[in-house]
2 protein chains.
Amino acid sequence: MDRSTSADECLVSSTLDIISGKWKMVILFHLMSEPNLRFTELMRRIPGITQRVLTKQLRELEQDDIIARTIYPEIPPRVEYAMTEYGQTLRPILEMMHHWGANHLHRSRARME
Amino acid sequence: MDRSTSADECLVSSTLDIISGKWKMVILFHLMSEPNLRFTELMRRIPGITQRVLTKQLRELEQDDIIARTIYPEIPPRVEYAMTEYGQTLRPILEMMHHWGANHLHRSRARME
DNA sequence: CTGGATCCTAAAAGATACTG
DNA sequence: CAGTATCTTTTAGGATCCAG
């Protein structure tokens, strides 16, 4: 064997770093099915999130080049968020997690009885 | 469209809940390549983790039926951890994250210059 | 050897009010 | 509309000591 394990750990964690955050997956899911959502539209689609937190998570995803922020200098201001091309590469992972999660919830319920 | 989005969010998050935790991926990666590791062996393979945290994350993974804990009533005590069959179903996701993460780190470095 | 029990800190998230 | 600025709460994680 080798010492590659510690490096490998980082590789997976680097993915996890990007999508973990209480609402990031939710945000990404919305932007996957609906490109170009405005700030307020995201707020409405994500009940429970606050402005401060939404802003923060959006900024982080933007930093990581997963989503893009487009500002239209109008009045009132309009800002749209969309997944980047790079962000799209996360799609298969998110879909697998979605699929696994569906089965997991199903299974959890079954295990409760 | 429909209102299924809010349910869908939970599905993905339910996967994320299970694998997020600073060291869970690391633990799972070790248990994937080496079935049946003892507590101390895990400690040695995961530099930086403390006993308390390792114990906690192992307990959570056990609760979720991702890993199994086997106690051998010997002196000194021996406890072995292994992935469950159900835990194995996470493997494709972890591998995709590993792959994505590798590319991501590569890309991040490129973007820095 | 495998943890449990305590205490502590840092970071994430939430509540709320305000603004160009 | 799309945030920022403060403040408070919650939670994860870490340090340390003790024990069957």
Side-chain angles (χ1 to χ4, degrees), chain A residues 6 9-10 12-28 30-31 34-64 66-82, chain B residues 6 9-10 12-28 30-31 34-64 66-82:
Chain A
S6 42
E9 293 151 11
C10 299
V12 215
S13 298
S14 102
T15 307
L16 197 59
D17 280 349
I18 292 195
I19 60 178
S20 64
K22 189 168 174 187
W23 307 92
K24 284 188 186 173
M25 301 275 270
V26 183
I27 293 169
L28 293 181
H30 282 289
L31 289 178
E34 298 181 276
N36 290 47
L37 283 174
R38 306 178 58 165
F39 188 84
T40 313
E41 291 172 332
L42 278 168
M43 281 286 288
R44 268 190 290 106
R45 278 166 178 75
I46 308 176
I49 199 170
T50 63
Q51 284 186 332
R52 180 193 182 285
V53 173
L54 177 56
T55 302
K56 208 178 158 229
Q57 309 242 323
L58 286 171
R59 290 291 180 282
E60 289 172 11
L61 288 170
E62 192 190 354
Q63 285 281 322
D64 292 327
I66 305 300
I67 66 174
R69 180 165 171 263
T70 311
I71 307 166
Y72 298 90
E74 310 168 351
I75 293 187
R78 178 160 62 102
V79 176
E80 290 189 352
Y81 293 91
Chain B
S6 43
E9 293 151 12
C10 299
V12 215
S13 298
S14 102
T15 307
L16 196 58
D17 281 348
I18 292 194
I19 60 178
S20 65
K22 189 167 173 187
W23 307 92
K24 283 188 186 172
M25 301 275 269
V26 182
I27 294 169
L28 294 181
H30 282 289
L31 290 177
E34 300 180 277
N36 289 47
L37 283 174
R38 306 179 58 166
F39 188 84
T40 313
E41 291 172 331
L42 278 168
M43 280 286 288
R44 270 191 288 106
R45 279 168 178 72
I46 308 177
I49 199 170
T50 64
Q51 286 185 334
R52 181 195 181 283
V53 173
L54 177 56
T55 302
K56 207 177 158 230
Q57 310 242 322
L58 287 171
R59 289 291 178 282
E60 289 173 12
L61 288 169
E62 192 191 355
Q63 285 280 324
D64 292 326
I66 305 300
I67 66 174
R69 181 164 171 262
T70 311
I71 306 167
Y72 298 90
E74 310 169 351
I75 295 187
R78 179 160 61 102
V79 177
E80 290 188 352
Y81 293 92

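Residue numbers begin at 1 in each chain, while the letters A, B, ... track the order of the sequences.
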Problem - Neighbours of DNA chain C within residues 70-78 of chain A, by heavy-atom distance under 4.0 Å - result: A/Pro77
Taking atom [atom2] of [N] as reference, at what distance in whole Å does atom [atom1] of [X] sit?
X       : N      : atom1 : atom2 : answer
A/Ile27 : C/dA13 : CD1   : C1'   : 13 Å
B/Gln51 : D/dT16 : CD    : P     : 13 Å
A/Asn36 : D/dA2  : CG    : P     : 13 Å
A/Met25 : C/dA12 : CE    : P     : 18 Å
B/Met43 : C/dG3  : CE    : P     : 11 Å
A/Glu41 : D/dC1  : CD    : P     : 10 Å
A/Leu54 : C/dA13 : CG    : P     : 12 Å
A/Leu37 : D/dC1  : CG    : P     : 15 Å

Practice task
Report yes if the side chains of A/Leu58 and A/Leu42 come closer than 4.5 Å at any heavy-atom pair, otherwise no.
Solution key: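 Yes; the side chains approach each other to less than 4.5 Å.
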Problem - Min side-chain heavy-atom separation A/Glu34-A/Arg45 under 4.5 Å - result: yes
For [X], which residues count as a side chain to side chain contact (heavy atoms under 4.5 Å, CB included) partner, sequence neighbours excluded?
X       : answer
A/Thr55 : A/Phe39, A/Arg59
B/Glu74 : B/Tyr72, B/Arg78
B/Ile75 : none

Problem - Non-hydrogen atoms of A/Ile66 and A/Ile18 that approach each other most closely - result: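 Result for this residue pair: CG1-CG2, 3.8 Å.
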Problem - Closest approach of A/Asn36 to A/Ala82 (non-hydrogen atoms, all atoms of both residues) - result: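 Closest approach of A/Asn36 to A/Ala82: OD1-CB, 3.4 Å.
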Handout entry: 5′-ward residue of the pair B/Thr50/A/Tyr81 relative to DNA chain D
Key = A/Tyr81
Problem - D/dA2 OP1/OP2 closer than 4.0 Å to side-chain N/O of A/Thr40 - result: yes
Problem - Any A/Arg69 side-chain N or O less than 4.0 Å from OP1/OP2 of D/dA2 - result: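 No.
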Practice task
Drop me the distance from B/Leu37's CG to B/His30's NE2, to the nearest 0.5 angstrom.
Solution key: 8.5 Å
Extract all donor-acceptor atom pairs below 3.5 Å that involve side chains of residues 19-28 of chain B and protein atoms in other chains or at least two apart in sequence.
from: B/Ser20; atom 1: OG; to: B/Leu16; atom 2: O; distance (Å): 2.8
from: B/Lys24; atom 1: NZ; to: B/Glu60; atom 2: OE1; distance (Å): 2.7

Where do N or O atoms of nucleotides 6-13 of chain D meet protein N or O atoms at under 3.5 Å, pair by pair?
from: D/dT6; atom 1: O4; to: A/Arg52; atom 2: NE; distance (Å): 3.1
from: D/dG13; atom 1: OP1; to: B/Lys22; atom 2: N; distance (Å): 2.5
from: D/dG13; atom 1: OP2; to: B/Gln57; atom 2: NE2; distance (Å): 2.8

